> 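The structure's right below; bear with me while I get my questions together.
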There are 2 protein chains.
Amino acid sequence: MFQRASQKGSNAERSRHRNRQAVLGQIHRSGTMGRAEIGRALSLSTQAVSNIIAELSDDGLLVERGQLTSGRGLPARQYALNPKGGYAFGIEVRPDAVFAALLNMAGEPVMTKRVALKKNDPKTVVFQIKSLYHEALADEAGAKARMLGAGIVMPGPFGPTGIKGHGTDLDEWRDVDANTLFSRALALPVEVSNDANAAAMAERLNGAAQGISNYAYLYFGAGLGLGLVSGGNLIQGAFGNAGEIGHIPMPAKARNLESALSRLSLQRHLQNVGKKGEDIDTLAALFAEKDKDLMNWLASATDALAYAISIVENLFDPETVILGGAMPDAILDHFVTNTALADQSVSHRPDSMHPRLQRGASGRMTATLGAAALVLHRTLSPHIAHAH
Amino acid sequence: MFQRASQKGSNAERSRHRNRQAVLGQIHRSGTMGRAEIGRALSLSTQAVSNIIAELSDDGLLVERGQLTSGRGLPARQYALNPKGGYAFGIEVRPDAVFAALLNMAGEPVMTKRVALKKNDPKTVVFQIKSLYHEALADEAGAKARMLGAGIVMPGPFGPTGIKGHGTDLDEWRDVDANTLFSRALALPVEVSNDANAAAMAERLNGAAQGISNYAYLYFGAGLGLGLVSGGNLIQGAFGNAGEIGHIPMPAKARNLESALSRLSLQRHLQNVGKKGEDIDTLAALFAEKDKDLMNWLASATDALAYAISIVENLFDPETVILGGAMPDAILDHFVTNTALADQSVSHRPDSMHPRLQRGASGRMTATLGAAALVLHRTLSPHIAHAH
DNA sequence: TTGATCGTTCAATCAGTTTGAGTTAATCCC
DNA sequence: GGGATTAACTCAAACTGATTGAACGATCAA
């Protein structure tokens, strides 16, 4: 699952593959470009770009978008990604439900769906996902032949560790190799990751992190997750468990960060005073009416958040920290404006291009869309060649 | 300094360069190998490897090491790195001194030296370093033509930030672009980094982290630093300031981690009771006689260390955490055996191949040798092609 | 209208890898 | 002891993909 092997050599074939991806990524970043312009950006000859563009157009991944006259000379034919040129399937497996989304090449959701689960053993889950996948393919004509892969989001931690069941965990999945299981079931290349990582990559593709290659994403799921992007790529850790920021111990009060700053913590807090807050809409409503108990929780959560951010900033030196996940926009915005960021931090820089803390994508489907974004990211950015 | 630009395309020339580095790296990892064996490891044809080896031998980077008969077939001619085939110059700039070391291709120090500084403005420092460099070249015949580059270790943080002088900082360096300054002065390619990162890379080249590609290195300098290696490469952060673990706030007691766990903290502690502990040898002696005050400090430092490790483990999921820097071996070993590691951690895994916490290189010169190691690492591992 | 300029295309060339046949040297097994 | 087998290496030819250079077309400026 994680490339551990020594770096492979490169040859003409791998070279071409790499360059194809580089061209796609460049066009994605700029929206629309001409051949020569791409060549300059990637240090390739115009001719090489021309060959690649011909190939990509044949494959239906690019479309022509008229000509652009800029100054003298022959107006350059512009190319853009063909939204219908490729599709990515995103899946989020939760203890009590499965979410699915189909994204087109432009990153737009073509279909989203959720199914409640009565049982969450691997067999049942795989069956549900297979049927969701076939529904999605039926909805979007031509998608089947153009599937790029599937991204799967599952709650970590992966592999055997000392962390024992959170109660609502997917216990029967502990010894399952999710990657091969799903790639066989769907007959697609598969990427498995956790919710925070997926959300972070989604932000890079379409959200606040476009063009930023070092940032951190704090994700509100059931717990608190952290997606780390360095040099444009996710930091997954040795076993895919990096970013478990919720588990780190807190100064005083709380047992750990998660117990002060997470959906679960908020729910417990509201339960203690007899209120319900399981749903994002309910929370949004409570916030709108400035519910006292919610505000109390927010006050202590804001402290915890400031602490979390100080850790992340000092350890990663990110260009920006993005807040997102299964929370209402309004609450995330509240965090962004009300969190006291430390002056004593390497991130406190007067010349910064980006806000130190900002809101990213939010809502129930964030991680699911992110799962599909993992796949798009892979096809749009060149990476080290792997074995054939 | 930090590759931020979009990924460049690749072509035949860059391909060859990449493969040369891959071959060198492979031989470095295995010590000695035959052509076909290398081809298999890198997914290259024997012929391609043969061409590259011919080239590298011509350049004096490789030497033949006899033949190895293993089972049937023609015995394979073995190749190894030529220690005298390349040299790296390492420099550590401190407020009160400059350290320098010359390493050969095998990572062995050929020369080490230190010079006390009366002034530490850029001009004086560069002058000192130039003369150290010329001394080194005079010591080792043939090194001049085979210099691979220079690594520079300087105290961070780099760039304008909210963190103001530690008192003994290099204030006059705040707005200096150290990279171009040194590369012009020495006429060498230069890598600038902080002490923890350099030490971490040294560990990967010759120390405890050989063959490990995800690990963390806790470095005892004046303060406390963290070098993070992910996928075999350093995580530098957006501005090269990643890993400032000493700055993160501590639960209760201390102001931050550094004030409980660092050389400076220990020195202050000993000063308060009228003892001296500036020198590594003094500390080693105090530890040997189980000095009560030192032991007191160690007790609280061990707690702080456990906390630091829990943060690092949960955020990075490293294969191992390595302890090193300007401390006596015995004290580092004490930390390794006496630190209580949390069971509730993603790193607490029964099937682990490596100890969760171990000692790495220690001593006064750790960071300086690491600086040179940065250069060796660059020449031994293929990386994304950069502009010509 | 004319010249300059820039993007495109085509054909030739170049660098580097792969492929396949052939050579050499060691072990295996009868 | 001797043929069969196996493995490492070399040589030459084929192949792949990028680069180079010339020709062409479209547009703008004078």
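Chain A is the first sequence line, chain B the second, and so forth, proteins listed ahead of strands; every chain is numbered from 1. These numbers come from a predicted model, not from an experiment.
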> Looking only at side-chain N and O atoms, does Q21(A) offer a donor or acceptor that is under 3.5 Å from a partner on R18(A)?
no
> The side chain of S45(A) is closest to which nucleotide in this list: dG7(C), dT20(D), dT19(C)?
dT20(D)
> Can you figure out which of dA18(D), dC28(C), dT8(C) approaches the side chain of R72(B) most closely?
dC28(C)
> Quick one: CG on L62(B) to OH on Y79(B), what's the gap to the nearest 0.5 Å?
8.5 Å
> Which nucleotide wins on minimum distance to the side chain of L74(B), given the candidates dC9(D), dT8(C), dT19(C)?
dC9(D)
> I want to check one thing: is the phosphate of dT10(D), taken as OP1 and OP2, less than 4.0 Å away from some side-chain N or O of R77(B)?
yes
> What's the closest nucleotide to the side chain of I52(A) if the choices are dC9(D), dA18(D), dA26(C)?
dA18(D)
> Let's see if you can work this out: which of dG17(D), dT8(C), dC9(D) has an atom nearest to the side-chain heavy atoms of R16(A)?
dG17(D)
> Can you check the R18(A) CZ to dA18(D) P distance for me, whole Å?
12 Å
> Can you figure out which of dC10(C), dT6(D), dC9(D) approaches the side chain of Q47(A) most closely?
dC10(C)
> dT10(D), OP1 or OP2 - any side-chain N/O from S50(B) closer than 4.0 Å?
yes
> Any side-chain heavy atom of M105(B) within less than 4.5 Å of one from L148(B)?
yes
> Establish, with yes or no, whether the OP1 or OP2 oxygen of dA18(D) is under 4.0 angstrom from a side-chain nitrogen or oxygen of N19(A).
yes
> Would you say E203(A)'s side chain and Q210(A)'s backbone share a donor-acceptor pair under 3.5 angstrom?
no
> Rounded to whole Å, please give me the gap between CG in L68(B) and P in dT6(D).
20 Å
> Could you state the NE2-C1' distance from H17(B) to dA18(D), rounded to the nearest angstrom?
18 Å
> If you check the A48(A) side chain, which of dA18(D), dC9(D), dA26(C) turns out closest?
dA18(D)
> Figure out the CG/C1' separation between N51(A) and dC10(C), and round it to whole Å.
11 Å
